[in-house]
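First the structure, in the form of structure tokens, and then the observations on it.
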Amino acid sequence: MKKPDICEMQMLNHALQAQINHLKGLLRDMENGKISLAYVQKMIDMDKTGILELHRQKFKYWQGKNGNWNSYLPKEGAKPPYGRLVSKVSEERLKDAIIDYYIQEGRAATAPTFGQTYREWRAIKDLELSGNSILRYDSDYARFFQDTAFEKLPMDEINENTIRKFMLETIKRLGLCRESCKKLFSYIRNTVKHARIEKMITDNPVEFLELKQFTRHCTEKAKPSEEQFFNDGELLMIQEGLEELYGDKPMFIPRYGVEMAMLTGMRVGEIAALKWEDIHEGYILIHNSIKHNRLKNEFFLDTTKTRKSRQFPICDEITALLERIRRVQEKSGCTSEFIFTDGKGGCINGQRISDCAKRLTNHLGIHGGGITALRKTINSDLRRNGVPATIVASMLGHSPEVNEKYYTYDTSNLAEKQKIIKDRNAKVTTLA
């Protein structure tokens with residue numbers, strides 16, 4: 001486009017400002033009910049058309065190779081036809097953004113920044129979060145946004161391209177995995193949603209952005225499958241290690257918690273919360289869990305992770321373990337309503353059981369999968385033995401989908417695989 005000379009620019013500015021003032025006046029009259037809606041709408045449309053025509057004479061206005069429509073808006077320090085770039089996926093959206101700018105110009109102060117808007121959203125969100133979740137959200141914000149240029153951007157200057165650029169740069173800078181990328185995107189999406197609800201912005205810059213556009217650039221840091229569970233040899237080492245330690249210090253209760261995890265696959269919090277009254281004829285009633293409020297650094301008794309109770313069948317090995325624990329309590333004079341007592345009438349916390357498992361596996365020189373690996377091991381062993389996923393999932397306290405996606409691994413050894421293929425091939429060769 002031909003750059004207007006000084007005289008032409010003054011005339012354009014005067015005409016544009018007159019058109020803007022007229023439009024603002026119409027909007028005020030409509031809000032105050034002074035003129036009919038039909039008349040106002042007709043005049044507004046005429047004013048908008050005039051503003052857009054004058055804007056296009058003053059600033060560059062074009063469709064890019066990617067299909068987006070672009071123009072410039074006034075910016076301090078920049079002379080037309082250049083200014084602050086605005087880019088939209090359609091011409092209608094671009095026109096709306098231009099009109100919105102001129103209507104809002106001088107009406108309010110600069111829009112709140114992303115960081116300020118995020119904190120407004122969090123003030124509401126925190127009302128439904130636990131202390132641990134609040135800490136996790138705070139940690140994520142510091143990791144993703146703190147001290148970045150994106151954090152300081154006014155919400156009305158954030159568009160699809162600025163979000164896309166920030167997402168890709170952050171994924172690369174932090175080496176994000178898929179799960180972390182998903183969190184980052186959700187924080188941006190929720191902040192934008194809050195800004196739209198509060199009328200800070202009218203456009204939705206995340207509308208046409210999808211998570212899959214970013215996750216393909218992520219780095220997955222999954223552990224090798226053999227570190228997700230314990231094989232039979234490692235289980236034997238853990239059992240022998242526990243027996244050795246029992247003789248050294250039989251009253252150290254967390255070790256019994258590790259053995260309970262080996263036999264049941266229970267979560268550490270569920271083990272720590274067990275009471276003698278939860279032991280019934282043929283089953284253990286699992287309905288409580290010891291949880292940790294990291295915000296207050298306090299442990300408390302609560303429901304299970306799924307907020308549902310379940311029954312876990314008792315076998316001879318579990319009965320024998322419970323009898324050993326009861327004898328140790330009676331011998332040391334620290335009987336309690338809790339099976340895994342702290343010696344003072346209360347219970348130990350699950351973290352002590354987890355720490356005990358980690359110390360033991362480190363001492364034995366095997367991977368530190370801990371209690372979660374024991375849960376995955378018992379799940380995988382049962383699945384290998386033909387137990388349906390729905391039954392195993394109900395025993396461990398999660399859904400069949402979670403069971404299949406996160407807890408089921410091939411725990412068979414080479415000898416078992418050799419027998420499977422031998423039996424299969426023997427059958428094939430005798431078909432004739």
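Computed from a predicted structure; not experimentally measured. All values below come from the heavy atoms of this structure, side chains included, with hydrogens, waters and symmetry mates left out.
- Between Glu207 and Arg189, none of the side-chain N atoms (NZ, or NE/NH1/NH2) sits under 4.0 Å from a carboxylate O, so this pair counts as no salt bridge.
- Ring centers of Phe230 and His367: under 6.0 Å apart, within the cut-off.
- For the residue pair Ser133/Ser130, the side-chain donor-acceptor check at 3.5 Å is satisfied.
- For Phe145 and Phe166, the ring centers are positioned less than 6.0 Å apart.
- One finds a salt bridge joining Glu169 and Lys165 here, because a Lys/Arg side-chain nitrogen approaches an Asp/Glu carboxylate oxygen to under 4.0 Å.
- Classification of the Tyr187-Tyr137 ring pair by plane angle, with boundaries at 30° and 60°, yields perpendicular.
- For Tyr256, the ring-ring contact (aromatic ring centres under 6.0 Å, His included) partners two or more places apart in sequence, or in a different chain, are Tyr246.
- Remark: side-chain polar atoms of Gln213 are paired, donor with acceptor, to backbone N or O of Glu210 under 3.5 angstrom.
- Ion pairing between Arg267 and Glu270 holds under the 4.0 Å rule for side-chain N and carboxylate O.
- When only modelled atom types and interatomic distance are considered, Asn70 and Ser87 share a side-chain donor-acceptor pair under 3.5 Å.
- Side-chain contact check for Asn161 and Arg164: at least one donor-acceptor pair (N or O, by modelled atom type) lies under 3.5 Å.
- Cation-pi check for Arg93 over Trp69 is not met; the charged atom does not lie both under 6.0 angstrom from the ring centroid and within 45 degrees of its normal.
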Original post:
Is there a side chain to side chain contact (heavy atoms under 4.5 Å, CB included) between Thr264 and Ile318 once you walk through the steps?
Top reply: CA-CA 8 Å; Thr264 64; Ile318 295 174; 3.7 Å; yes
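- Inspection of the His55 and Tyr102 side chains reveals an N or O donor paired with an N or O acceptor under 3.5 Å.
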**OP:** Step by step, work out the ring-ring contact (aromatic ring centres under 6.0 Å, His included) result for Trp62 and Tyr72.
**Re:** CA-CA 10 Å; Trp62 76 101; Tyr72 290 101; 5.7 Å; yes
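- In this structure, Ala195 and Met155 approach most closely via the heavy-atom pair CB-CE, 3.8 Å.
- For the residue pair His292 / Gln351, no side-chain donor-acceptor distance below 3.5 Å is found, with atom types taken as modelled.
- The closest donor-acceptor contact from the side chain of Arg375 to the backbone of Met262 lies at 3.5 Å or more, if one exists at all.
- In this structure a side-chain-to-backbone donor-acceptor pair under 3.5 Å is present from Lys291 to Thr303.
- Judged purely by distance below 3.5 Å, without hydrogens or angles, the side chains of Tyr141 and Glu151 pair a donor atom with an acceptor atom.
- Ion pairing of Asp138 with Arg122 is present here, as a side-chain N (NZ or NE/NH1/NH2) and a carboxylate O approach within less than 4.0 Å.
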